[in-house]
Amino acid sequence: MNQPREGFLGQDAALELSVNGGTVRVASPPATRLADVLRDELGLTGTKIGCNAGDCGACTVLLDGRQVCSCLTAVAQAAGRNVTTVEGLAADGRLSDLQASFQKHGAAQCGICTPGMLMAAADLLARTAAPDEAEVKDALGGVLCRCTGYQKIIEAVLDVASGPRPDLPPAAGAAVGARAAKVDGIARVTGEERFGADDIPDDALWLRVIRSPHHHASFRLGDLDAVVKRTPGLERILTAKDVPSNGFGIYPHIKDQPVLADGEARFRGEAVLALVGKREAIETFDEATLPIEYVPLPPVMGLDAAMAPGAPLVLPDRPGNLLQDGGVRKGDAAAAFASCAAVAEGRFETAFVEHAYIEPEAGWARRVGKGRNARLEIHVTTQTPYMDRDEMAVVMKLKPTQVHIVPTACGGGFGGKLDMSVHPLVGLAAWLTGKTVACVYTRPESMASTTKRHPARVHAKFGCDASGRLLACEVDAEFDTGAYASWGPTVATRVPIHATGPYMVPNVRTRGRGFFTHCHPAGAFRGFGVPQGAIAHEAVMDELADKLGIDRLEFRLRNALKAGDATATGQVLEHSAGLGECLERLRPHWQRAQEEIAAFNAGSANLRRGVGIGCMWYGIGNTSLSNPSTMRIGVSKSGVVTLYSGALDIGQGSNTILTQIAADAAGLPMSTIRLVTGDTDLTADAGKTSASRQTFVSGKATELAALDLRKKLFAAANAPEGEYLDYRYKLAIEGNGKAAQIVIRRDGITHRVPLKKDILGEGYFDPPTSPADADGQGVPYASYAFAAQIAEVEVDLELGTTRVLRIVAAHDVGRAINPIQVEGQIQGGTVQGLGLALMEEYLPGRTENLHDYLIPTIGDVPHMECILVEDPEPLGPYGAKGVGEPGLIPTAPAILGAIENATGVRMRQVPVLPHRLRAALGAPA
């Protein structure tokens, strides 16, 4: 059990309380938040801060045995009372039954909400030893999770009553396919994991960003040196002039976003200045005293304004405010529509959607060394350390080798931590001051300044013959990319490729365009625009099926892509296209739901139930671009096996999955492999954690690295060439230090050879793709994920509310390397899809917190059943492909179809808020 820092138990302190069973005296003022005292004064950083407003519950602790938000509790309220944090749950070095159950069930993904969940559950279990599901949901309702979809958490709490049943780690050769516990899970359930705000050095200066309050404004700065001189503790104010190269961006040829705005702010929340100084000085600084003169300018807000003839330009070098115009053309869509027996079309709209990861952006930097040997070291929460390294080198005009990125644990990302946030600010400040500088965004700051899902307007038109076979497709998708490009080009090119849905369509014309506005930059968010497109194509599938009197599932099955079919880009799918099996596996659930819903609706007037279905496909990795990963695994001469992975685990479980792959490929027990991850000085570039690519791409590189290691170990043992591929030969590393040996056994014969040197295996994999031609023809992805989901809903016709009762999700994952992690990704994505469909809408300037911006709580989630279809992908490790994004994509379409099935109304704008549904139903305002 972690105890509070001894150095803070001063006899002269004013307040005394019990923390995790020990008496402490604290020096903080009585009104200080308990969360801050625990973290900053006592060093108990297991208690997390996600909002400082009581919205997220990550800071939950027990006060005299009952859960409280420590961010809303003054330390004076805890005087003379017992405080228990997550560090106090384990005893004598052993996990509590609750922590063990979380680890067993995979209930901790990124881990940032886990301490709060554990403390809320501990409160419940102390009062109710064997709670039911409703009691669990009620007790944990104040803690938000953005990763798991809550179901694994519920299962973990319910399972505690049956007693701990620790699963043994899989044996050598049995790791792939095992429901193995997370290799990094223990730190997440004990509070020992270190996130961006958890390990900031005590002597660090702090940085506070001053942001524009206007959607669009020019500004002029006054005498900032005078401000520094008159403000004790303030050391420097950074402006655009301090940035060596004041532009960054995702693409090598697009560096359009300034680190600090230079005379013109293009969105509300854009960084204008950065204050650097002692923490108290910058936190108490009155922003109103800064000499900034803003001149508000007319903003370009929304697609209509951006696309209007003669519209003001958001960026001077972007005519028509156009960022990207992508498309796919195949066959003759216009002629094909003329021959169709049925045609359906519609226009659909989506809004900005906030990532709402529970960990706000945070990190710190320092300058290491002097002169030519000086390097910039940045510790930061991120999804992409090597891209951060290279981007920081551009901004700072340094060589990439002069930048060292040390990723912290990442408390959720979903694409939002692919773009830089605090990185250039703390990096610049540290480089210029020569001191350690830290920055932690507040929740409103995080939401006001970071990227969002692209708002979209999608017009889709499909036609089919009399038997229901699709003949033609036309889709035109327009995206609001905000003030800067971010990932806009990817969205505008990926969506046209996927716009047909996972269906065989011989005649296609699709288009995707991104436009600049004076809104937040829109970036990557779990699907790169494909979820928006899926809402459109699945609605039209429903309408075509209904026009022809064909069952909606059957209509999709008739058109499902399969091996041997050509996609809209002309790519022939050679294998691993399991949508048909997904639909067949859903068929009994679909039929049951229809029967049960018909019976319910026959006896209900105001409450109506419905069932809907949604399908998806998703290309794994980068679009028509090189997408490599390099992985290494080695054995030191002292016998330590280490996997060096540059692939960041942001909660999706890649650390565990890559370890499983490495273990089986090398022929070693999973439990013997140590992991080093992310650090750009210690690992090779494994690419970004995005586009559902790490299992497929880095997993294959890991398999190849482990095979390379196995080959070298057999050679060191003088085994015959080629025998390393024969797994009847059992490999082991035995002993340690100078006694370490390579041991190979077969048929009762054992060979032992001393380990005389370090041996390193390396693997490299770049999925085969080809660039698109002028018509979008080519091979954009080496592999595709497929899935189908059905959703059952209950609609209150009077209130306009929709409750999702059940979701059954069938996903073709190629091979489930770890079924627990795969299920967790599907469930977490599904609940984010539920939020997209029913509640999530970011309004710039209005929903910059977690009580105005709503994400699903544990009480909103239905029961979810996952069906794992394994249609192997030969290119992938052991047949696996990605699953990170696919869980989200079909959910909203299925829910919208279910609402229509229940009410007869097709909603064409999401989220389906109650007032919108009531209006569609014809209810009075």
Side-chain angles (χ1 to χ4, degrees), residues 93-95 103 166-187 630-645 647 654-677 679 682-684 698-699 701-763 817-818 877-878:
R94 189 180 73 85
L95 297 180
Q103 171 72 343
D167 292 330
L168 297 176
V176 170
R179 300 178 73 86
K182 276 195 167 188
V183 297
D184 51 2
I186 300 298
T630 299
M631 300 289 288
R632 295 171 181 150
I633 182 171
V635 180
S636 70
K637 61 183 179 182
S638 60
V640 178
V641 184
T642 304
L643 175 62
Y644 300 93
S645 169
S654 60
N655 283 346
T656 304
I657 285 167
L658 297 180
T659 302
Q660 289 176 264
I661 292 168
D664 276 10
L668 295 168
M670 181 180 169
S671 59
T672 66
I673 298 176
R674 174 177 166 263
L675 183 68
V676 172
T677 183
D679 189 313
L682 302 177
T683 68
S698 294
T702 299
E703 181 185 7
L704 296 173
L707 286 171
D708 187 42
L709 175 64
R710 183 177 171 91
K711 180 180 180 179
K712 289 176 178 177
L713 289 171
F714 271 60
N718 297 315
E721 185 176 356
E723 286 190 349
Y724 77 97
L725 294 173
D726 185 346
Y727 284 88
R728 291 176 296 176
Y729 288 89
K730 305 302 180 184
L731 173 67
I733 306 297
E734 296 183 358
N736 55 65
K738 295 181 179 180
Q741 296 178 318
I742 305 169
V743 180
I744 300 174
R745 297 182 176 90
R746 182 182 172 186
D747 300 332
I749 300 174
T750 301
H751 299 278
R752 296 180 181 272
V753 178
L755 260 170
K756 297 181 179 180
K757 63 178 182 178
D758 298 343
I759 299 176
L760 185 70
E762 181 171 296
I817 301 293
N818 186 316
Y878 297 95

Q) Is the number of heavy atoms from other residues, nucleotides or ligands within 6.0 Å of CG (Asn736) greater than 12? A) no

Q.
Atom NZ of residue position Lys711 - does it have more than 12 heavy atoms of other residues, nucleotides or ligands inside 6.0 Å?
A. no

[X] side chain to [Y] backbone, donor-acceptor under 3.5 Å:
{"X": "Glu723", "Y": "Phe714", "value": "no"}
{"X": "Arg710", "Y": "Ala666", "value": "yes"}
{"X": "Gln660", "Y": "Ala180", "value": "no"}
{"X": "Tyr878", "Y": "Ala665", "value": "yes"}

Q: Please step through side chain to side chain contact (heavy atoms under 4.5 Å, CB included) for the pair Thr656 and Ile817, ending with a clear verdict.
A: CA-CA 9 Å; Thr656 304; Ile817 301 293; over 6 Å; no

Close side-chain approach of [X] to [Y], heavy-atom, < 4.5 Å:
{"X": "Ile733", "Y": "Val743", "answer": "no"}
{"X": "Arg746", "Y": "Asp726", "answer": "yes"}
{"X": "Leu95", "Y": "Ile186", "answer": "yes"}
{"X": "Leu713", "Y": "Leu731", "answer": "yes"}
{"X": "Leu760", "Y": "Leu709", "answer": "no"}
{"X": "Val640", "Y": "Arg674", "answer": "yes"}
{"X": "Leu675", "Y": "Ser645", "answer": "yes"}
{"X": "Met670", "Y": "Pro170", "answer": "yes"}

Non-hydrogen atoms of [X] and [Y] that approach each other most closely:
{"X": "Leu658", "Y": "Ala647", "value": "CD1-CB, 3.9 Å"}
{"X": "Leu643", "Y": "Arg632", "value": "CD1-O, 3.5 Å"}
{"X": "Asn655", "Y": "Thr659", "value": "O-OG1, 2.6 Å"}
{"X": "Gln103", "Y": "Gly185", "value": "OE1-CA, 3.2 Å"}
{"X": "Ile742", "Y": "Ala717", "value": "CG2-CB, 4.3 Å"}
{"X": "Arg179", "Y": "Asn818", "value": "CA-OD1, 3.9 Å"}

Straight-line distance of [X] [atom1] to [Y] [atom2], nearest 0.5 Å:
{"X": "Ile657", "Y": "Ser698", "atom1": "CD1", "atom2": "OG", "answer": "11.5 Å"}
{"X": "Thr672", "Y": "Leu668", "atom1": "OG1", "atom2": "CG", "answer": "5.0 Å"}
{"X": "Leu755", "Y": "Ser636", "atom1": "CG", "atom2": "OG", "answer": "7.5 Å"}
{"X": "Leu704", "Y": "Ile661", "atom1": "CG", "atom2": "CD1", "answer": "10.5 Å"}
{"X": "Tyr729", "Y": "His751", "atom1": "OH", "atom2": "NE2", "answer": "7.5 Å"}

**Q.** Of all pairs that satisfy salt bridge (Lys or Arg N to Asp or Glu O under 4.0 Å), the ones with a partner from residues 749-761, not counting sequence neighbours
**A.** Glu734-Arg752

Q. What pairs with Thr677 under side-chain hydrogen bond (donor to acceptor under 3.5 Å, both in side chains), at least two apart in sequence or on another chain?
A. none

**Q.** Pairing residues for Thr702 by the side-chain hydrogen bond (donor to acceptor under 3.5 Å, both in side chains) criterion, not counting sequence neighbours
**A.** none

**Q.** Pair Thr750-Ile744, side chain to side chain contact (heavy atoms under 4.5 Å, CB included): steps then yes or no
**A.** CA-CA 6 Å; Thr750 301; Ile744 300 174; over 6 Å; no

**Q.** Salt bridge Arg728-Asp747, side-chain N to carboxylate O under 4.0 Å
**A.** no

